[in-house]
Amino acid sequence: MINVKCAVFGRLDNNCYLITDEESGKSALIDCTDDSERMREFIGDADLKYILLTHGHFDHIGGVKGIKEITGAEVVISKEDAPMLGSGKLSLAAFCGEHHISSSADIEVADGDTITLGDSEITVISTPGHTKGGVCYVCDDKLFTGDTLFYCSCGRTDFPGGSGSEIIDSLKRLADLEGDYSVYPGHDKQSSLDFERKNNPYMNR
């Protein structure tokens with residue numbers, strides 16, 4: 001089982017999650033908006049093994065290089081979005097007045113891959129649409145959806161690499177998961193998969 005701690009960072013109000021395996025005490029950070037003092041305090045003395053990135057936009061990767069350097073955590077991202085770590089144009093930082101700090105992936109994941117965090121297993125679900133390589137992470141009854149699924153909404157598809165048809169397919173795939181999950185999105189408030197199945201207009205198209 002994992003414990004989840006959330007804090008909001010940056011001018012775009014990004015949700016970053018520190019997840020910790022209860023048995024081993026090993027942790028992972030899901031998305032890393034910045035390398036601020038507040039981010040370092042959020043991580044604290046956690047035994048950080050991974051930085052799990054849901055996709056490669058600047059507001060989700062801005063602190064990767066610095067946090068990796070101080071923790072030794074391995075950076076995990078999809079193969080499709082990995083080039084965004086090294087390019088301010090691909091991460092959209094160059095178009096949004098943000099300074100891009102280049103980093104690189106240690107592990108490139110694909111659909112169905114699993115990441116072991118102590119006694120917990122995290123499964124990767126490929127969910128393109130917001131970006132070509134967007135992914136969600138599933139552990140226990142918790143679903144970390146990045147910018148794919150939001151509370152009664154979904155991620156934008158008008159950026160380079162976005163696709164309206166792909167994100168709808170990705171949302172249908174999430175809706176088809178068996179059972180209910182707590183939904184931890186990249187922005188806005190938390191939800192549940194059952195609630196989104198019933199109330200999210202983009203999941204019912």
Side-chain angles (χ1 to χ4, degrees), residues 1-10 12-79 81-82 84-86 91 100-127 133-149 181-187 189-192:
M1 294 291 290
I2 60 167
N3 293 320
V4 182
K5 183 168 73 167
C6 175
V8 179
F9 294 89
L12 298 182
D13 292 335
N14 287 75
N15 295 325
C16 294
Y17 301 99
L18 185 70
I19 64 172
T20 303
D21 174 65
E22 291 180 354
E23 279 296 315
S24 67
K26 299 183 186 304
S27 297
L29 181 67
I30 298 182
D31 289 336
C32 187
T33 299
D34 56 43
D35 179 21
S36 60
E37 185 62 31
R38 182 165 168 264
M39 178 66 78
R40 295 186 182 210
E41 291 175 355
F42 175 63
I43 296 168
D45 60 358
D47 184 6
L48 196 70
K49 295 301 182 184
Y50 302 106
I51 301 171
L52 305 176
L53 301 173
T54 58
H55 63 290
H57 283 153
F58 71 90
D59 53 320
H60 294 256
I61 67 169
V64 167
K65 180 178 173 61
I67 297 303
K68 176 182 177 179
E69 286 177 351
I70 66 168
T71 64
E74 293 185 290
V75 178
V76 180
I77 193 170
S78 69
K79 179 180 179 179
D81 277 17
M84 299 168 82
L85 293 172
S91 75
H100 179 89
I101 301 175
S102 291
S103 57
S104 60
D106 296 298
I107 301 171
E108 295 181 0
V109 291
D111 185 58
D113 286 350
T114 57
I115 299 154
T116 301
L117 184 68
D119 292 340
S120 297
E121 190 172 84
I122 302 165
T123 302
V124 178
I125 302 178
S126 177
T127 53
V135 300
C136 296
Y137 297 102
V138 179
C139 188
D140 300 335
D141 60 350
K142 299 167 179 63
L143 177 62
F144 299 90
T145 59
D147 286 7
T148 297
L149 172 62
Y181 290 82
S182 296
V183 172
Y184 296 89
H187 303 269
K189 62 184 177 180
Q190 297 166 21
S191 186
S192 73

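Note that the coordinates shown come from a computational prediction; the quantities given were computed from them, not determined experimentally.
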In chain order, what residues pass the ring-ring contact (aromatic ring centres under 6.0 Å, His included) check against Phe144, with sequence neighbours excluded? Tyr17, Tyr184

Any chance you could measure Ser191, atom OG, to Leu149, atom CG, to the nearest 0.5 Å? 7.0 Å

I'd like to know if the side chain of Ser27 and the backbone of Thr20 have a donor-acceptor N/O pair within less than 3.5 Å. no

Quick one: salt bridge (charged side-chain N to carboxylate O under 4.0 Å, His left out) partners of Arg40, sequence neighbours excluded? Asp35

Please examine the side chains of Tyr181 and Thr145, heavy atoms only from C-beta on, and report whether any two atoms are closer than 4.5 Å. no

Do Val135 and Ile125 come close enough that some side-chain heavy atom pair is under 4.5 Å? no

Does Lys65 have any salt bridge (charged side-chain N to carboxylate O under 4.0 Å, His left out) partners at least two apart in sequence or in another chain, and if so, which? Glu69

Closest heavy-atom contact between Leu53 and Tyr137? O-OH, 2.8 Å

Around atom CD of Glu22, are there more than 12 heavy atoms of other residues, nucleotides or ligands at under 6.0 Å? yes

Kindly give the heavy-atom pair with the smallest separation between Met39 and Cys16, and that separation in Å. CE-SG, 3.9 Å

Who are the ring-ring contact (aromatic ring centres under 6.0 Å, His included) partners of His187, not counting sequence neighbours? His60, Phe150

Tightest non-hydrogen contact, residues Ile51 and Lys68, listed as CD1-N, 4.0 Å

How close do Pro185 and Val183 get, counting heavy atoms only, and between which atoms? CD-O, 3.4 Å

Would a distance-only check, ignoring hydrogens and angles, find a side-chain to backbone donor-acceptor pair under 3.5 Å from Asn14 to Asp59? yes

Indicate yes or no: at least one non-hydrogen side-chain atom of Ser91 is less than 4.5 angstrom from one of His57. no

Check whether any side-chain heavy atom of Asn3 sits under 4.5 Å from a side-chain heavy atom of Ile19, and report yes or no. no

Using residues 111-119 as the side-chain source, report each donor-acceptor pair under 3.5 Å to any protein atom, sequence neighbours left out, with the distance given to one decimal.
{"residue": "Asp111", "atom": "OD1", "partner": "Ser126", "partner atom": "N", "Å": "2.9"}
{"residue": "Asp111", "atom": "OD1", "partner": "Arg173", "partner atom": "NH1", "Å": "2.8"}
{"residue": "Asp111", "atom": "OD1", "partner": "Arg173", "partner atom": "NH2", "Å": "3.1"}
{"residue": "Asp111", "atom": "OD2", "partner": "Arg173", "partner atom": "NH2", "Å": "2.9"}
{"residue": "Asp113", "atom": "OD2", "partner": "Ala110", "partner atom": "N", "Å": "2.8"}

Determine whether Ser120 and Cys139 make a side-chain contact, defined as any pair of heavy atoms from C-beta on separated by less than 4.5 Å. yes

Any heavy-atom pair between the side chains of Asp147 and Thr54 that's under 4.5 Å? no

Check the pair Asp47 / Lys26 against salt bridge (charged side-chain N to carboxylate O under 4.0 Å, His left out), numbers first and verdict last. CA-CA 5 Å; Asp47 184 6; Lys26 299 183 186 304; 3.7 Å; yes

Measure from the side-chain N and O atoms of Asp34 to the backbone N and O of Gly62, and report whether any donor-acceptor pair falls under 3.5 Å. no

Drop me the distance from Leu85's CG to Ile101's CD1, to the nearest 0.5 angstrom. 12.5 Å

Kindly say whether Cys6 contributes a backbone atom to a donor-acceptor pair with the side chain of Asn15 at under 3.5 angstrom? no

Supply the atom-to-atom distance Lys142 NZ to Ile122 CD1, rounded to the nearest 0.5 angstrom. 11.5 Å

Under 4.5 Å between any side-chain heavy atoms of Ser102 and His100, yes or no? yes

Work out which heavy atom in Ser103 is nearest to a heavy atom in Val64; give both atom names and the distance. OG-CG1, 3.6 Å

Whether the side chain of Asp13 engages the backbone of Val8 through a donor-acceptor N/O pair (distance < 3.5 Å, no angle test) should be reported. no

Residues in ring-ring contact (aromatic ring centres under 6.0 Å, His included) with Phe9, at least two apart? Phe42

Heavy-atom donor-acceptor pair, Asp106 side chain to Val75 backbone, under 3.5 Å: yes

Mind listing the closest non-hydrogen atom pair of Ile43 and Leu18 along with its distance? O-CD2, 4.1 Å

